[in-house]
Protein chains: 2
Amino acid sequence: MSTPLNRTRPAGPERALPDTQQGMRRRNLSRVMHTVGAEGPLSRAAVASRIGLTRAAVSTLVDELIRSGLLEELGPERPGRVGRPGSALAVSGNGPAGIGAEVGVDHLAVCAVDLRGRVRARAVRHVPNRDRSPEPVLGGLTALIHRVVAEAEGEGLWPAGLAVAVPGLVARDARTVVRAPNLGWLDTDVGDLLPPGLPLTVANEANFGALAELWLGEDTPRDFLHVSAEIGIGAAVVVDGRLLHGNRGFAGELGHVPVWPDGPACACGGRGCLEQYAGEEAVLRAAGMEPGEDRVGLLAGRAEQGDAQVRRALHGAGTALGIALTGAVNLLDPQSVVLGGALSGLAPWLLPSLRSELARRTAGPACPVTVSALGSEGPLLGAAHSVVREVLDDPAAVAGRV
Amino acid sequence: MSTPLNRTRPAGPERALPDTQQGMRRRNLSRVMHTVGAEGPLSRAAVASRIGLTRAAVSTLVDELIRSGLLEELGPERPGRVGRPGSALAVSGNGPAGIGAEVGVDHLAVCAVDLRGRVRARAVRHVPNRDRSPEPVLGGLTALIHRVVAEAEGEGLWPAGLAVAVPGLVARDARTVVRAPNLGWLDTDVGDLLPPGLPLTVANEANFGALAELWLGEDTPRDFLHVSAEIGIGAAVVVDGRLLHGNRGFAGELGHVPVWPDGPACACGGRGCLEQYAGEEAVLRAAGMEPGEDRVGLLAGRAEQGDAQVRRALHGAGTALGIALTGAVNLLDPQSVVLGGALSGLAPWLLPSLRSELARRTAGPACPVTVSALGSEGPLLGAAHSVVREVLDDPAAVAGRV
DNA sequence: CTATTTCGTCATGGCGGTTTACAAATTAGT
DNA sequence: ACTAATTTGTAAACCGCCATGACGAAATAG
């Protein structure tokens, strides 16, 4: 019932968990929260008709949620139809908040999101984190977290959990960073260096970006492939509204899909991986540029000005992406492919070759490729919202913690 | 709660279905069936301790299942321990049966499997179906189905549903064959040409093969990639014990993953697809052989005898498979890759190059590649078992139909 | 032969949603 | 204006499902 980010959770009818009345109640509480959260202010009667329970049952559920501070009564609705007007219910704006944090290669960011999905506090700091050891980086992040939590508490919110997006692979325990090439971290238990007391979830930034797209995007389908790039190229697979983690939690390593199998050697041991053609380093080299700060902005700028070499480089990257995505699309048959992260800024010059390659190699109608509207905000928002979703998914669990 | 083969089923907490006591009861009935089915004869007390309900609750559940003919009381257990011996319960061997059917390129097959998973009736007919229109093929299949159903009924079973494996793409409605290249079928509603009255599910043979592997394989994990080949190369992705369908139901088209993007043109519109290197036609050509009957057996025979050209051909196919699977493994991070269908017979000559290619291109430990023990029986068994699973997943639904 | 352990069942109770009834608050109709 | 109709929210009685606790039945241990 939760939004499992990295938890081992048996699914399907094989799970040995018994079905008891308490579980039923918990699921129904969750349903009420989700419907009220998703469809704005709603009367008890409206909620009842949507989730299929009786008004009486919903009444008791709502009472419990109001007592827990998760739902608020806004007062009588403006009557437009016949009959007694209902009393509008809304998800609480002064209850639990999800704290999202992001460790970027040259910045740290933290924000607090309330149950209504609004960002209520945020803090960003530009810091060059490349090849810096975990202690100072996470120390800096902890300071930001404390600041944001204090700000949120000043508004009457209390932190329900912390979710951290990192640019690297995270183990299934959702705490250990197995490998973060750009930070130079290896097998780091992030939990030890962050504020204790808050339930912690760590995940790859691409995964949180995909979840943000799923939850906040305009017409995002429930089955899509989210591609993002910071330095490496990551992807997240969303199936039926859920993230696909893979056995070790490493699913989505699009960057090491072979594109031209006899191409240049890659650090992963392979040859001709996508990263060798569309990774930041490769693109910069092809564009005749040096690595450095805000390279993406620079690339976009030069492409805009019509720099032929840059455009050629991006065209080539798009082609390689198109070939790799053809494989992924054939394998997964997603409803769409979404370009997020740094890629969204370069989309105008990547998309033509990417799309044409994908279309040429596809029999029927090609899979639509869209660009994320969230841009670089995705991972941070996705992290914070993942905590919020956890509350909506099991309000009873949070109710006890006040 | 069902094993959805192709059904559109909202999952996660967003599903609007209410949680009522009847649903709770149904799920608990299912849990009892699954535990008894999976762990052999079991006493009520043993079931209770396994699923976490009380003996009293299990008693009433078992009563209901016995009355419905889904469970049988085998009599008192042989006492080995202290205390009153329990009364052994087993899944009924004379209740509902799953009817599985397979449309192959040169054969038709049907079988009936009881709730215990045993094949109780079967019929096979060798028929060249290539480029034959649906009517005669499905007419022949219908005859076989009637024969098998009659035989099963003679043993006291009654058919609970029909599942048909076809060598082609099937739409999400689980009835329409969108494209079956080897049969030459296009957009064919298979349901119109099969015995009415039985709940019907149609799916790709690779998918059913993967499910057979999941349900019947020795140590099959819950996350794996199942690769099979008849003429095309298909794959099925199993995530968390469930089949991944994709948006249109076309997931798993491994055969059209680009391997050498500038390679020979493929019917799909692409270039250098896996099928151009590891598809049956390509392998036969590389081996210097003509297409025809039982080409796989012939290939295996010659390879066994040491035919250098054949071995070279299979080595090359293994290499191409390895490259395509590297991409798939990077994207999905499965627990293992299983070779099934025709590939299992050729595995000895494919595996070396396949494994080495996969290992070379993988950073850490490579994903293990195993060979299915079910061989060509997989799709048929998977189809029949899928019906059985549906009964176990919701026994209450079937109880009413007797 | 008795004490102990385990199994299956029955009676009782708690919990959760439904049903039914009703007061409250609005609109529609005369 | 006043009544009828409609809709909302709640309270009381009811039913279904599982838990609890007690009991007889059937085995082993001493």
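Below, read A as the first sequence line, B as the second, and so on, with proteins coming before strands; counting in each chain starts at 1.
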- Whole-Å distance separating the CG atom of A:Leu53 from the P atom of C:dG16: 13 Å
- Message: Looking at A:Arg44, I'd like to know whether one of its side-chain N or O atoms comes within less than 4.0 Å of OP1 or OP2 on D:dT10.
- Response: yes
- Query: More 5' along DNA chain D: A:Val82 or A:Asp63, using each one's nearest nucleotide?
  - Reply: A:Val82
- Item | Integer-rounded Å distance: C:dG8 C1' and B:Ile66 CD1 | 12 Å
- Message: Using heavy-atom distances to pick each residue's nearest nucleotide on DNA chain C, tell me which of A:Pro76 and A:Thr60 is more 5'.
- Response: A:Thr60
- Query: Counting just side-chain N and O atoms, does B:Arg55 come under 4.0 Å of either OP1 or OP2 of D:dT20?
  - Reply: no
- Task: Kindly indicate whether the side chain of B:Gln21 and the base of D:dG16 share any N or O donor-acceptor pair separated by less than 3.5 Å?
- Result: yes
- Between the CE atom in A:Met24 and the CE atom in B:Met24, the distance rounded to the nearest 0.5 Å is 5.5 Å
- Does A:Arg84 make a side-chain donor-acceptor contact with the base of D:dT8, cut-off 3.5 Å? yes
- Message: When you measure from the side-chain N and O atoms of B:Arg25 to the phosphate of D:dC18, is any distance below 4.0 Å, counting only OP1 and OP2?
- Response: yes
- Using a cut-off of 4.0 Å on non-hydrogen atoms, how would the nucleic acid contact of A:Ala56 be classed: base, sugar-phosphate, or nothing? base
- Message: What is the distance, to the nearest angstrom, from the CE atom on B:Met24 to the P atom on C:dT18?
- Response: 13 Å
- Message: Can you confirm whether B:Leu381 sits close enough to B:Val119 that some side-chain heavy atom of one is under 4.5 Å from a side-chain heavy atom of the other?
- Response: yes
- Query: Any side-chain heavy atom of A:Glu77 sitting closer than 4.5 Å to one from A:Arg84?
  - Reply: no
- When you check the phosphate oxygens OP1 and OP2 of D:dC18, does a side-chain N or O of B:Asn28 lie under 4.0 Å from one of them? yes
- Quickly work out the A:Arg26 CZ to C:dC15 C1' distance and round it to whole Å. 16 Å
- Item | Distance, rounded to the nearest Å, where A:Gln22 contributes CD and D:dC17 contributes C1' | 13 Å
- Message: In whole Å, I'd like the distance from the CD atom of B:Glu77 to the C1' atom of C:dC7.
- Response: 10 Å
- Message: From CG of A:Leu61 over to P of D:dG9, roughly how many Å is that when rounded to an integer?
- Response: 14 Å
- Apply side chain to side chain contact (heavy atoms under 4.5 Å, CB included) to B:Ile99 and B:Val387, showing your working. CA-CA 7 Å; B:Ile99 312 295; B:Val387 178; over 6 Å; no
- Kindly say if A:Ser59 contacts the phosphate of D:dG9, meaning a side-chain N or O under 4.0 Å from OP1 or OP2. no
- Ranking B:Pro85 and A:Gly80 by the position along DNA chain C of their nearest nucleotide, the one closer to 5' is B:Pro85
- Spacing between A:Arg78 atom CZ and C:dT26 atom C1', to the nearest angstrom: 12 Å
- For A:Gln22, does the CD atom have more than 12 heavy-atom neighbours from other residues, nucleotides or ligands under 6.0 Å away? no
- Pair B:Asn28-B:Arg31, side chain to side chain contact (heavy atoms under 4.5 Å, CB included): steps then yes or no: CA-CA 5 Å; B:Asn28 281 334; B:Arg31 265 179 208 106; 2.9 Å; yes
- For B:Thr54, report the nucleic acid contact type (base, sugar-phosphate, nothing); a contact means any heavy atom under 4.0 Å. base
- Message: Please confirm whether the shortest side-chain N or O distance from B:Thr20 to OP1 or OP2 of C:dG17 is below 4.0 Å.
- Response: no
